[in-house]
Each structure stands twice: as C-alpha cells, then as structure tokens.
K.L.:
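Would you mind keeping the following structure in view while I ask a few things?
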Amino acid sequence: MASFKDWALQYVLSDNESAQRVIVEKAAKGKQIESSRANSTVLGNWAASVHQWLSTASAKDEDLVDDGEEGDDGSGDIIARAKALGFLAGTLEELDQSTLKTDQVRFLVGFFGSMFSYDHKAGITAAAKALRQLYSMKNFKPDMGVKMVDDVCKIKEDFRLQTASTRFEIYELFLSLLQDESVNSELQHKYGSSQGFVVDLLQICQAERDPKNLMVWFKILAGILANYSPSTEVTEEIFKAFSVYFPISVRASAAPTGITAEDLKGAVRSCFSAHQRLAPIAFPFLIQKLDQGDAITVAVKVDILRTIKACIDSYDHPQTSIVPYIEKIWNSLKYEVRNGEVKETIDATLDVLRAVAQKLDGTKTTKLDPSMLKNYFDLVFKDCRDDLSNPTYTKQAGLLLVTVITANVRAFVLESATLIDCIRQNLRQPKSSTHTRDLILLLNSLLKARQELITNRTQGHPEDEQQLRSESRAHLDSLFHDVYLPIWVDKASEPDSETVDVLRKVIQGLALLVRQQVLGSDGEASLLCSRAVCSEICSLLTQSLIKGLALSSNDNATTDTALEDEAVLAFRTVVMRYTDGYAEFATRAAAEIRKRDWGTPSGYSLNALRDLLSRLAFIGCSEIPVRIATDRPPQTPFSPLQHFITLTATLLGLFPLSSPPGSARFASSSKEPLANCYIISALHGGMLHFCDACGSKYTQEVLVTYSGSETNWIEEFNSLPEDWLQQLRQGGRVPKDRTLCSVAEDDPEVYRQFLRLSLFIVRNLYRAASAGTQVPWSERVLAQVSSIAALVVRAIDEKLQVSCGLAAAAFSFFQPTEAWDKEKDPVQLKELLTVGILEGLWPGAMVDLYQPGGLAEGFMCDTAHLGPIPSRLSEIRAAIGAILANKHKGGPSTSDPQSETIKRVLDFWGNQMKIATTSNDIDTTTFGELNKISMYILAGATARQDKNVLGLVPVLHAAIRSQHQNGEIIAQSLGILVKDNDLLSTENHAVVKRFYKQWAYNYLAKPLYELALPTKTEAWQAARYSTAVLSVVSNCPFKVYEDDLEPLIRLLITTLNNRFNLSRQVSLVHRVSALETLVEILMNEPDSIKGHLKAIISGAVNVHQDASQEREEKFKDLVKGAPRNNDLHLVMCRRLVLQLLGGIPTKFEERHLLPYTLQMKRMLATASGDPVREVRKTALLARETWAKIAV
Amino acid sequence: MSREIQNENPTILNVSQLPSRRQGKATPRNGPDSKYDNILFSKHWPWGVSKTSSFWPSDEEDDGEGDDEYAEEPIDEQEIFDLISTISDPEHPHTLGQLSVVRLADIHITPFPTERLDPQSLRTVLVELTPTINHCSLATVIGLAVRVRLERVLPPSYRVDVRMKDGSHAQDDQVNKQLADKERVAAALENDTLKGMIDTMLKTCVY
C-alpha cells in the first residue's frame, strides 16, 4: 500500500488536474483517512507527508530575508510547497464531512489559519480552500469561525497580491462565515458593537477591482449592514468602502467574467439600501452626486435615481429614515422634470417621487400618520402651483403633481379637490391654446388615474376602500358644466389646427368623465355622471359626427378627420356605460339620413353617409356594453346585445335608401345605388366588430369549443314575426326573449346569441333578396349580403349547421318552398347568395348535398343558363363548383355513392373537354366560360387531393395537345388548379392538403417537360405543353419545382427565345409566366442559371423588344382611333424583363457580367423612358444595379 | 471638408408640404372604424377568376385604381421633381426639395410631355435652381449633382439643361456657363473630392 508520502510526491510532481484528483480521492477514501475513522496516527501521517516541502520552505524563507534574492530553486520550492498544501486541501475536499473529530478540525483550522500569517506566497490558495472545507465539516464550531476571521485578517496588505481566484475563495469564505448565524452571534459576542473585525476586513479588502469578487464583496458588506448593528463610525467606514465605487462601471475586458455593469450597479445599490441607518449618509451623498449637473451622463443620473428609489423602497421607519430628507430630495429632483429633456431621467425621477408618496402612506397592512403624506404633497404643490399658470411649465408641473397625487388612494382623496380647483382657476384665464390643452391633459390624467385607483381598490389596505366610499364628489360632479362644456362651446365653432388639439383633449376628457365610478356607502360602484349629463355629452358627440352629412361639401372642406375619429372612440366609451346614448344616436342619425334624397346623391354626400354608417357600426358594436348602476334606471333594460340589436334594426329600417324607379333589377351596366350598399356594409361591419369584441372578451378558445345543442334556429325563426328585431329594439311590446335579456355580459352565451340574431338577419335578407320583388338588390348588394352570410355561417359549429339545415338553405335561400326552380326564375345572380353560405359551411354539414343526382351534382354539371357571354355568371358558377368539389367529405371507400358523385362530375367535365377539343360543337368563347367552371371544380378537388383527379390527367394532356383552338385555353388555364384561391382557405373550413401543390405538379406538369421541347415533338404541340407547364409552375412556390430546375430552365430559355405558334394573348401570358418563374429562380437558386446567362439575357432582351414593338404598333392604331385593347400583359412583360435583368447583378460576380454590361446599360437607359411609370421605376432600379459594374 | 456654413438658417419645408402626385386624390379613411374597409368597401368583387373582370361594373368612383399601376403616363415635371428633390443639400441635412432649391414650377419639359411623340425624338428638360442665398458658392456643386442625377436616370432621348434661376445668384452667368460646358462637367467628375461629394448628395435618392 502506498503511503501518504508517495501520494503527496505524486501529487506534487503531477501537472494534470484530473490525475491530482485521483490521488487525493485515494488519500481520502482509499481505506485511508475515512476507513480509519480519522485515526490520529493516520491523520498524523497524512499531515506529515508534506513535511519535507514545508521545512525547506521555512529555511528558504529565512535565506531570502537574508540575501533578498530569489533564485530558480526558490520559486520551484514555492510551487512545490503550494502543491503540497494543495494536496492537503484537496484531500479535505474529498473527505466525508463527518469524518474529522472536533479537535482535529480545530487543529487543521489552526494549521491552515497560520498560513495567513506565515506563508503568503504559497499557502493562501490552498489554505482558503481548506478553510472553506473545514467550515462545512460537521464538527465545525462557531468559535473556530471567529478564529478563521481573525487568522485570515492577518494577511493584511498581501491580500491584494493574491490572484483573483484566491481572493474569490477568501471572499466566499467570509460570506459563508458572516451569513452563518452561530458564527454571527459569536462574533457579536466577541467584538460587541465596535465590530473591530469589520475594520480589519475593510482594510484588507479595499481596492478590489475584479468584477466577480466585487459582487461577493458587496454582498458581504450589505450583509454586515443588515445583520450586524455596527456603530456609527463603523457604518461610516463601511459606507466609504462601497460608495467609492459609485457610480460603478465596467471596462470591456479580454476575458469576460459574465458580470455586467447592471449586475454591479444592482449590487452597489443593495449596499446603499441595506439598512436605514445609512440614511443620514446615503441621501446627502446621492443628492450631491446628482447635483453635479451636466457633468454626469444620463446613464449615471438614472443609476443615482434608481439607487435613491431603492433606498426609499427598502428603508424602514420612514419617519426617521426618509422624512428628514424629503425636502432635500424634492428640491434636487424637481428640476430633473421641470427642466429635463431626457425621457429616461424624467421617468426615473417620477419613480422616486412616487416611491416617496407610497412609502409615506404605509404598507398594505399598516397605514402611517397621514400628516407626513400631507406635508409632502404641500411641499410639492407649493412649488408647482405657480408653474401651472405658466404655459412653459404647465405640462411638467402637471406631471409632477399627478405622479405624487395618484401614487395611492389616500393622497388622491386628500388632495385631488385642491388640485382640480387650481386647474379650474387656471383654465378660466388660459394664456394660450396650448396652455388650455396642457391643463385639460392634466385633468384627464387625473381622471384616468382615479379610475385606475378605483379599479384596483381591493388590492391595497382596507382603509383605502373606505376612503373611496366617503370621497367627496362635488369637485368631480361639476367638471362637465364648469370645465369641459365651456371650452367645447368656445372652441368648437371654428376649429383651427391648434384648437383641434384642445378639442381632442376635451373629447378624451369627456370619455374619461363618463368612465368615472363612485362608490356608495355599501361599496357598490355607480357612474359619477348623472344620466342627464351623459345625455348631454352624447348629443355633443352626435353633433360632431353627423355634421358631415348636414354640411355641404363647400362648408366642410377639411379632410382631416382627427376630431371625428377621437369622437368615435369617446362615443364608444360613453355608450358602453350609458347605454341609452346609443339608441339616441342611432335615431338621430337615421332621421338625418332620411331627410336627404338618395336618388341621385353627390359623391360628397355618399362619402358622408358611408362615414356616418361605418362609425355608427363601430361605436355600438366594437365593444360589449358594461352593466353599471346610474342615478336612474335606463329606458331599455340592459342587455349586452342591445347595441347590436339597435344597429341592425336601424340599418334594416333604412334599407333600401334609394330604389330608382323603373330600373331593371340587376342591371349591372347602370349606375348602382351605392347608398344601399353602404347600409349593408355597415351591417357587415357591425358584425365584424362584434365578432372581434367577443373574440377579445371571451378568448377565442371559448368560442371554438363552444358547441351548440340540437336546436334548429331556422325553425325557431319561422315562429318569430318578421319585424322581430324592431320589436326587440323597442322592447316591452313583445314577450321578451328570455335568453336575450337574461344573458350576462361576461357569459360567452352572448356570442351565441349574437350568431343567432345574425343568422336571423341573414335569413331575412336572403328571403327578401330571393323573393324577386324588391329593386335594391343590385349585384354589389347581393355580394355583400353573401359575404355576411359567409361570416355568420363560418362561425357556427358543424353540429348546429347540420341541425339548422344550412346546406339546403344555400339553395333554397331560407324560403319555405323547395329549392328555387331555375327554369322559371332566370335571375341567376342569386347564385351569389349560394356562394356565401357554402363558403362558411363545414364539410360535415354538406354531406346531404352529394347524394347521386342531388343538388351538388346538378350544380357542378350545369352548363346551361349561362346567359350572354362573357358573363359574370360563369365566375359565380366556378366559385360554387370549387367549393362543392372541395368540401366533399368522402365516404369510407371510393366506391360509395357519394364518391361516385364526384367521379361522375369530373368525368362529365373530362367529356366536355374531349368534345370541345375534338369537334367544333363548342366555340372558343363559350368554351372559355365553361373552362373557368371546369378548372375551378378541378381546383377544388385537387386541393383535397382527390384520386379521381388523376383519372382526368390523361384527358387533360390529350386536350392540351389537340389541334383544336380550345386546347390552348385549357393549357393556359391549367395553373388555376394550383393557384392560391381565397375560396379554398382553411378559415372557410375548406379541405386543403398540405402538399397538394407538389402532388398536382408531379402529375400535371412534370411528365410534360420532355415533350415541351420543340426538338422532341412537333412545334405546336411543344408550344402547348410548354404553356401548360409554365402555367402550373408559375403558380407554385419555388420549393415545389426546385428539383427539376435543369429541364425547367431549358424550357424557359426556349420560351424566351422562340416565337411559338400560339394566339397572341396566350403567347403573352406564356411569356409572363416564364419571366415570373425565372425571377423566382434567380432569387432562390441563382447558381442554377449561371451557365445560361447569355441565353437568358438575350431572350429577355428579345421579349422586351417584342413587347415594346407591339406597344408601338398599338399606339399607332390608337392614333387611328382603334379601340384600346387591354395591354396589361405587355406591360407586365416589360416590367418583369427589367426586374429579371436588374436582379442579375445582385446575384453574380462581376466577371460573369462583364460581357453584357455595355449592352445592358444601353438597353436599360432606353427602357427608363418607358411609357408606364411603374416600369420606368423598375428600369431605374435595374440601371442602378448595372451602373455599379465597371466596364 | 471643413468650410463655413454659408446659410445657417434656411427656410425648410416639411416633406408633406412638397408637391406630390398623391395630392388631389381622396385620402383613404384611417379612423378607428376603418379596420375592415378593405372587406366592406372593396373595389373588387370577391370571386373574380380573372383580373380583368374583377371590378364592380357600375362603381362611379371606380377610376381604375387597380389599373393605375400600369397606366401609361409620360415623364412629366412632377416626375422630374421627384427624381431630383430627394438629393441632399451639401451643407444642411435636408433635401433640395425641402430647401426649395428645386421647385416644381421651375421644371420645364419641351415639347410638353402630353404631346405624343416618336420615342426616338428629343425632349429637353430645363431645371432652374434657386440657391438659398444669392452668393452661395455651392451652387455649382448643386447644379452638377442635379445634372448627374438626371443624366443617370433619364433615357438617352432627353437633353438636360440645368441653370440658376435669373437673379437668384450673384454670378449666375458664370455658374450657368460652367454647368452648360460638357467638358468642364466631365472634368469636374474626374475630381475625386467633387465626385465623392456628389455621391454623398445622391445617396438619399431612393431610385
């Protein structure tokens, strides 16, 4: 068995830390010290094992003293000695904490402690480590702690010569000793209040500069201040020790310690705020630092202010620790706000002032003497009172006052009357408009803060609520008539830009005033304003909102709507509490609208109508009313839905505003009565706002999981009178709808009832629109109604959609009779209505439609009744087809009757394509329309990745390559299948598979790459294929085709460089697709086109030339008076070419571009004279990128 | 470049006060109630298959805003103004437009932009500058910058003529002569200091 001596030797010779660890582990555990239960002999051997290094040390040291030189051997000895002691310390680290006996611990404490007296060079690191270990031993006694402190302090000046990590060990040792309560009391006992050891500590530790050590050092100091009670002299010494570091900062170091300046600031701050006994030194010190004025930076200022705040927050006994310094603090700080410009300092200052007020009020559990708070406020008020009448300082003075007064309930209740009185006096003699504005702003912030105090009243001391209950309200009651109204009357007549500012503040103030609640003696909250005052406020706001309609365009030239917008927000706040106000407003607005003739309105009137109605909807529906007591009960009983009912009843009462006599229905060419559209828009807007309000109030999850029962609302509606809404609005006359009246405002049932009402409205609109008797149902109105239906239906859950039979209603329009007969009623724009409901349905609610020969099949296979061509009807039909083909849920197998339906539909259209491309039965115009429908149906099925689509792929490919002109139409429109489509959005419950585009691309476009090159097939066939491929690719995201870049780029280059045998329009679209794709590739994977630059540039230039030339020719035609064709694609061609060319220099190195630079510069210079401005802009951008390349 | 600032307090216009193409068009609603305007007052009908059919047929205000982007509009004075008003002044942190050195009324295009011509035929753009003070020694530099900017962005069929407005500068004859002399302009651009200065001035031009 190796002896301790061997181990010690091995340890000393080893340079490897892990090897050293193994050795000490062996020494501690390996059947040695631990196993012998710390037998004295074993321990003696262990201690003696390092004797040889220690004895030489003492001899050498003496020599050194003699000749004052240190040779190589000497430093070698020191290292060896340090290592030897390290061996002992390391063994202690590995030793079980209960192994050593008390006397052994004591002995070791003495041994290692002595190192601090004798061996400053080699012993300290190991000794510090060992002492920390010994401190954690089970048999450690408090008096040993005292001895440790004493011993360590003996190191004196040599402490600073130790390495940072050694010092860190010692700091940690101190920290653990001082935090130990038993050591703590032993120290108190030994040193008493003079705390002599602290003085020693301060002496050895001063001038520490290492951030990591400083963190511990500050912790030690804060601990001493908080846990010991040092005498004043010692306290002052301690204060000196940490305050010399203030304000602290850190230099960027090459070896970052992970300690930030903020950490250090926090640590110093905790020293300042450690105990109130520091107050007499800390406050004067900090204020003196602050008063250095411009000499300090913002960061330092903020640090000082935060430190003051920390002191105020944590000092106990404010009577003695804070009150004596308040005046000093205030006098120094007020200028930071009064004359300050930097937001950070102002905020930090206000935080301090607020903290003082809060401290003087007491805590949540104990309140302090109110006189202190009062004196503080008096001090502040005395200085700010004069500033309130000085426009330069009003804002700042207001800020100071509001901060102090709103810090707590007590301050507010005590002093708000004085302050409001002062504001009122100043408002009587304002110096300027801005002065008025600032004063109103101050008043508004007081009101706002008061409301917050009321809302949070239960969180503070119970006394707070009592104070609020007994608050005097005379000064608040008169605010409207004494302050806000006179200013409004004074300024509203001729608003200029300055008074608009004041008026906006007044409006904000009115809203805040109505929000104010007062507490009764029983603690119940009610509105401060009486109903009469609320009503007056409402009529002021109404006035400013209907003004636009009442004035003529000449009188109301301003386009600035800031005042109205403010009024809208204020009005909403008002009517959410004073609920009768909304009905008054709605009635006034409706009356004002009816006064006018809407037969041939001017553009101005129409805009005024649109604004008024849109605001009416927003004010009533963008929040949910709050139930709160008022001085008298409201005229209509409270319901969270009452504003929504009022709005819808009013709007439906106004509809239609104009019905031009004799105009044919749906005469889409004649001027549409926009006034009617705006009414429906407002209805739609109201619903959208209410949905949002529910979403934010009840959270979206409640609404989603809120599943309905088996009720059938539609059937319920049948038993309701047609004017149910009007009756609900007036209330009283009909037996009340129980659910509507009893629902509380925070119950998610509100949302459900809102949907029910909305569905009722949709049903009535649908019935009226499809009854075919009224004139106002223009196309635009129908589309809007349809959007409303989509919104409402979408929000209803699947079960309820089924039980209400909404799928059938999409075709019957809620009429009691069966689905309408198209043969009899050719007015097919009504199909617009169908789209709306279908858009919102869940696939599960539509199952019945897919019965063989059912409605879905009928609609999807209907090619008749398209009417005159081109017609919008085919687009509506296409939309319906897309939804029906998409929302098919599908049965368990592909052979069930329902899946057969889809298959039959697709086969039908496949057949149509066959006929259209093989015979001359269908001309191109008609086929163009039919093709839209078929492509949309296919798109719907493709998004669902319906397998039946695959069956159609060969048919499509055959149709594309057929010689018939119709094949071209199919090729060009193939991209519709993968194009982004609003109808197929998951928001509308459409079935969209994640990778359907990839799927479609693989089957539709990928197989055609080879065939699309003119070398492989006949030129015209290749052209068709190429058109089809690019139509698909340009509608896919880059990721979909990134694996096929090589054949694709070949195809793109061919497209740009050749003139295909395609019709003009198709060939243009083809080139646009090619350019779009190229731009996309250039942005995503430029390397793939590096080798083709020459061909691409020359191709792009060709296309640009062609497009410009074509435009020139058209221009000549135009002079001759030829009709202007749509040359959108020509412009797009030119623009895309420039975009592509402009993008090239940003992606490639100069050497690849040099050959083309001159040519490009010339071409782009010419292109920057393009007749279209947007194209010119693109050309300039391109010119700029090429200009950077030196020729 | 250290030199004394020649005009310490020029009059500065706000960006919103500068003439722009937007003026005269209806401003979009932006009140709190306008959140859903794009849905409620959409100019397009919701289910359009092709772009061309997607406008309401009967909308009287429908001035083809969607087509606006691709409408043919010749290069006019406003466009020239937009191109050069964003050039920075060499001594103030403002643009030439804000300092009224460049004014819309002092830009002339001959023949009138509305006259349709063969794209190859020549047009002349005359820009008259008004220095903020009449002894401004930087007038030549400003004129040079305007010239360089326009030559960089206009198509080759445009001739550029930059001069000081009559009476706006104490030595306008000399300055005009310098600006009109091609060789002197070319020589000036060989001077690295001058070129650097002009590049800094043009940095604020967006396109």
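By convention in this document, chain letters (A, B, ...) are assigned in the order of the sequence lines, proteins followed by strands, and residues within each chain are numbered from 1. Just so it is clear, the model here is predicted, and its values are computed rather than measured.
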K.L.:
Between N981(A), V568(A), T1166(A), L688(A), which shows the greatest number of heavy-atom pairs under 4.5 Å with chain B?
P.N.:
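Highest number of pairs under 4.5 Å: L688(A).
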K.L.:
So do S614(A) and D33(B) actually touch side chain to side chain, heavy atoms under 4.5 Å?
P.N.:
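With C-beta onward as the side chain, the pair touches.
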K.L.:
Determine, for K1188(A) against E1184(A), whether the closest basic-nitrogen to carboxylate-oxygen distance falls under 4.0 angstrom.
P.N.:
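Result for this pair is no, no salt bridge flagged.
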K.L.:
Among S34(B), P155(B), G31(B), P156(B), which residue has the highest count of heavy-atom pairs closer than 4.5 Å to chain A?
P.N.:
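That would be P155(B).
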K.L.:
Less than 4.5 Å to any heavy atom of chain A: does that hold for the side chain of I75(B), its backbone, both, or neither?
P.N.:
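Contact with chain A is through both the backbone and side chain of I75(B).
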K.L.:
Please classify the contact of P74(B) with chain A as side chain, backbone, both or neither, using a heavy-atom distance under 4.5 Å.
P.N.:
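P74(B) touches chain A through backbone heavy atoms alone.
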K.L.:
Check whether any side-chain heavy atom of Y36(B) sits under 4.5 Å from a side-chain heavy atom of H689(A), and report yes or no.
P.N.:
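The answer is yes; the side chains approach within 4.5 Å.
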K.L.:
With chain B as the partner, which of R1162(A), E566(A), R615(A) has the greatest number of non-hydrogen pairs under 4.5 Å?
P.N.:
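Among R1162(A), E566(A), R615(A), the one with the most close pairs to chain B is R615(A).
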K.L.:
Sequence neighbours excluded, which residues qualify as salt bridge (charged side-chain N to carboxylate O under 4.0 Å, His left out) partners of D199(B)?
P.N.:
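Applying salt bridge (charged side-chain N to carboxylate O under 4.0 Å, His left out) to D199(B) gives R152(B), K195(B).
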K.L.:
Please lay out, stage by stage, how D106(B) and K165(B) fare under the test salt bridge (charged side-chain N to carboxylate O under 4.0 Å, His left out).
P.N.:
CA-CA 8 Å; D106(B) 294 337; K165(B) 202 171 176 182; 3.2 Å; yes
